[in-house]
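Structure record follows, encoded as structure tokens.
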Number of protein chains: 2
Amino acid sequence: MIQTELKSSPRQNHLINALPVVEYEHLLPLLELVPMPLGEVLYESGEKLRYAYFPTTCIVSLLYVMENGASAEIAMVGNEGILGVALLMGGETMPNRAVVLSAGYAYRLREYPLLREFERMEGNHGGALLHILLRYIHVLITQMAQTVVCNRHHSIDQHLCRFLLMCLDRLPSYELNITQELIAHMLGVRRESITEAARTLQIAGLINYRRGHITVLNRPGLEERVCECYHVVKKESDRLFPEISQVMPLRPRILTLG
Amino acid sequence: MIQTELKSSPRQNHLINALPVVEYEHLLPLLELVPMPLGEVLYESGEKLRYAYFPTTCIVSLLYVMENGASAEIAMVGNEGILGVALLMGGETMPNRAVVLSAGYAYRLREYPLLREFERMEGNHGGALLHILLRYIHVLITQMAQTVVCNRHHSIDQHLCRFLLMCLDRLPSYELNITQELIAHMLGVRRESITEAARTLQIAGLINYRRGHITVLNRPGLEERVCECYHVVKKESDRLFPEISQVMPLRPRILTLG
DNA sequence: TTCCTTATGTTCTGTAGCGTACAGACAATG
DNA sequence: CATTGTCTGTACGCTACAGAACATAAGGAA
């Protein structure tokens with residue numbers, strides 16, 4: 001069954017896939033496959049991290065929730081990254097929430113084995129994982145930086161385009177299972193604004209949607225309409241992980257995932 | 001002369017100050033004191049980093065400048081941090097600009113010796129610098145995350161309060177030498193909006209200003225008015241660098257710098 | 001099928017902040 | 001002093017988006 005194949009390899013995560021064989025094999029027995037249902041909260045703000053997660057087919061949002069309940073997405077992490085960089089940095093907790101935005105799977109790693117891996121590396125046994133994670137942190141910082149800019153200067157329409165493209169980059173199909181309500185929550189805007197923006201995109205023939213389901217019909221069209229923020233992050237990501245940028249040609253147009 | 005004293009020790013930078021004596025003494029001969037005049041551009045977007053900077057008495061802004069010239073501040077770095085974390089992460093360049101926001105001094109370190117320091121550490125000679133920098137990256141990420149939130153949800157008034165408080169945290173006095181125009185550029189808003197916000201604060205008796213010069217009269221007042229974003233970052237910073245949070249009682253009320 | 005929940009659509013009003021234009025005020029400089 | 005450039009103040013129409021209240025429709029459950 002294709003689904004089983006899809007969820008069964010840690011190498012679907014680009015960071016893990018970038019590991020040399022020796023380090024990969026050392027890490028493998030420590031990884032545990034876990035399902036990631038929509039809406040699951042991996043870390044609560046201020047909560048001590050117990051696992052790091054390497055998403056394979058899911059997408060996770062880092063979200064700040066304000067005292068009054070309003071929220072904003074800080075960053076989006078899928079199979080290109082890792083959740084729990086605070087473990088590497090020694091922070092233990094972060095003042096934001098990690099919540100599953102698109103259901104799927106991830107491999108998780110207990111805090112303790114992860115830290116032991118770093119110790120091993122500092123002892124000069126390679127250090128590939130450390131360096132890969134540092135490069136990923138660079139990409140993450142870039143993503144956050146552009147989110148700052150985007151939140152300041154760009155319209156909701158552009159923001160939505162960026163959001164959709166970022167989801168596409170992390171999924172194996174052109175279909176997203178997500179409500180406008182949830183998107184609004186992520187972008188920190190009203191649901192009505194998303195409704196309107198989505199309708200604009202649908203009229204332009206770029207997407208098609210119905211009740212919690214969005215199909216992207218014309219990705220190049222989205223890329224034309226999106227603000228520079230998306231491209232800056234994409235470019236930086238491709239620059240730092242060149243081997244990955246060729247991995248996802250994404251030919252199949254329709255292939256629903258779970 | 002007090003000025004000379006003030007600018008003369010690398011330990012004025014909190015990260016350097018947190019180093020154990022052995023590592024500090026090893027780093028010392030590699031550090032070069034440089035003046036940081038207002039407006040100086042340390043790194044241009046996409047430009048290869050040649051130095052890392054440890055500010056002592058200056059403040060530097062990480063700024064993204066859009067294609068159309070509009071801009072937004074990504075993060076602010078002063079004596080609590082370091083510029084050039086991309087060197088550690090292996091990114092070499094960043095898609096944003098680093099520009100001096102408040103004149104002063106910094107110690108700089110060539111790219112090459114810095115990387116050699118890291119190699120030394122991975123060879124298990126301590127690693128204090130590496131771990132300190134990782135903790136700082138955590139704080140930096142937190143700062144950026146809150147800037148995302150602030151840009152999305154908070155008013156220009158609150159944003160200005162946050163900006164002023166962040167400057168105060170990095171300076172030895174309650175006086176800032178900065179024009180409204182420059183603040184507007186940093187926050188990514190119109191100059192007129194800053195004029196109005198500043199006037200509001202002045203009427204409330206919190207600040208006093210004249211042509212490129214702002215005096216904070218009532219810091220607690222600003223702290224009451226600022227959004228939670230400021231406090232979240234401050235708290236996280238104090239948590240990760242507890243020794244530092246007691247360093248700056250900042251008793252002297254008026255003590256102009258440069 | 002019918003019902004009921006959940007998702008989306010519509011509309012109205014209020015307002016923060018933008019763009020633009022220009023006026024006044026301070027400070028350096030010749 | 002007078003001039004000039006740099007800051008700061010004021011004003012006004014305009015737009016994007018918030019807040020709120022309610023209408024409709026899709027689709028799963030009974």
Side-chain angles (χ1 to χ4, degrees), chain A residues 38-39 66 68-73 101-102 149-164 175-204 207-215 225 227 256 258, chain B residues 38-39 66 68-73 101-103 149-164 175-204 207-215 225 227 256:
Chain A
L38 180 64
M66 298 192 342
N68 67 16
S71 59
E73 189 182 60
L101 176 66
S102 177
V149 175
C150 213
N151 274 347
R152 171 99 327 240
H153 291 292
H154 297 136
S155 69
I156 293 185
D157 286 51
Q158 291 178 304
H159 223 123
L160 177 59
C161 289
R162 192 165 84 93
F163 181 86
L164 293 176
E175 311 238 326
L176 316 178
N177 290 300
I178 186 169
T179 64
Q180 297 183 356
E181 179 84 47
L182 185 52
I183 295 177
H185 197 237
M186 292 300 160
L187 302 190
V189 300
R190 282 180 323 146
R191 201 245 34 222
E192 290 87 337
S193 302
I194 296 298
T195 298
E196 203 183 330
R199 206 160 44 82
T200 307
L201 293 182
Q202 177 152 275
I203 288 168
I207 67 172
N208 183 19
Y209 62 90
R210 55 172 219 281
R211 285 180 79 79
H213 198 85
I214 300 177
T215 308
R225 190 179 281 237
C227 52
T256 314
Chain B
L38 179 64
M66 297 191 342
N68 68 15
S71 60
E73 189 182 61
L101 176 66
S102 178
V149 175
C150 213
N151 274 347
R152 170 100 329 240
H153 292 291
H154 298 134
S155 69
I156 293 184
D157 287 51
Q158 290 179 304
H159 222 125
L160 176 60
C161 288
R162 193 165 83 92
F163 181 86
L164 293 175
E175 311 237 327
L176 317 178
N177 290 300
I178 187 169
T179 63
Q180 297 184 355
E181 178 84 48
L182 185 52
I183 295 177
H185 198 237
M186 292 299 159
L187 301 191
V189 300
R190 283 182 321 149
R191 200 240 44 219
E192 290 86 338
S193 302
I194 296 299
T195 298
E196 203 183 329
R199 206 163 44 84
T200 308
L201 294 181
Q202 177 152 275
I203 289 168
I207 67 172
N208 183 17
Y209 61 91
R210 54 172 220 280
R211 285 179 78 78
H213 197 85
I214 300 178
T215 307
R225 188 178 281 237
C227 51
T256 313

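All heavy atoms count here, side chains included; hydrogens, waters and symmetry mates do not. Just so it is clear: chains get the letters A, B, ... in the order the sequence lines come, proteins before strands, and each one is counted from 1. Computed from a prediction, not measured in an experiment: that's the story for all the values here.
Rounding to whole angstrom units, NE2 of residue H159(B) and P of dA16(C) are separated by 17 Å. Between the CD1 atom of I178(A) and the P atom of dT6(C) there is a distance of 18 Å, rounded to whole Å. In this entry the distance linking CG of L160(B) with P of dA16(C) reads 16 Å, nearest Å. Between N151(B) atom CG and dC18(C) atom P the separation is 11 Å, expressed in whole Å. Between I183(A) atom CD1 and dG9(C) atom P the separation is 12 Å, expressed in whole Å. The nearest whole Å value for the distance from the CG atom in L201(B) to the P atom in dT8(D) is 14 Å.
Two end axes, each from the C1' atoms of five base pairs, can be drawn for the helix from dT1(C)-dA30(D) to dG30(C)-dC1(D); they diverge by 30°, to 10 degrees.
OP1 or OP2 of dG9(C) sits under 4.0 Å from a side-chain N or O of Y209(A). Taking side-chain N and O atoms only, Q180(A) has a distance below 4.0 Å to OP1 or OP2 of dG9(C).
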Base versus backbone protein contacts along nucleotides 15-28 of chain D [heavy-atom cut-off under 4.0 Å; B, S, -]: --SBBBB---BBS-
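Side chains of T195(A) and R191(A): a donor-acceptor N/O pair is present below 3.5 angstrom, by distance only.
A 4.5 Å side-chain heavy-atom check between I178(A) and F163(A) finds at least one atom pair inside the cut-off.
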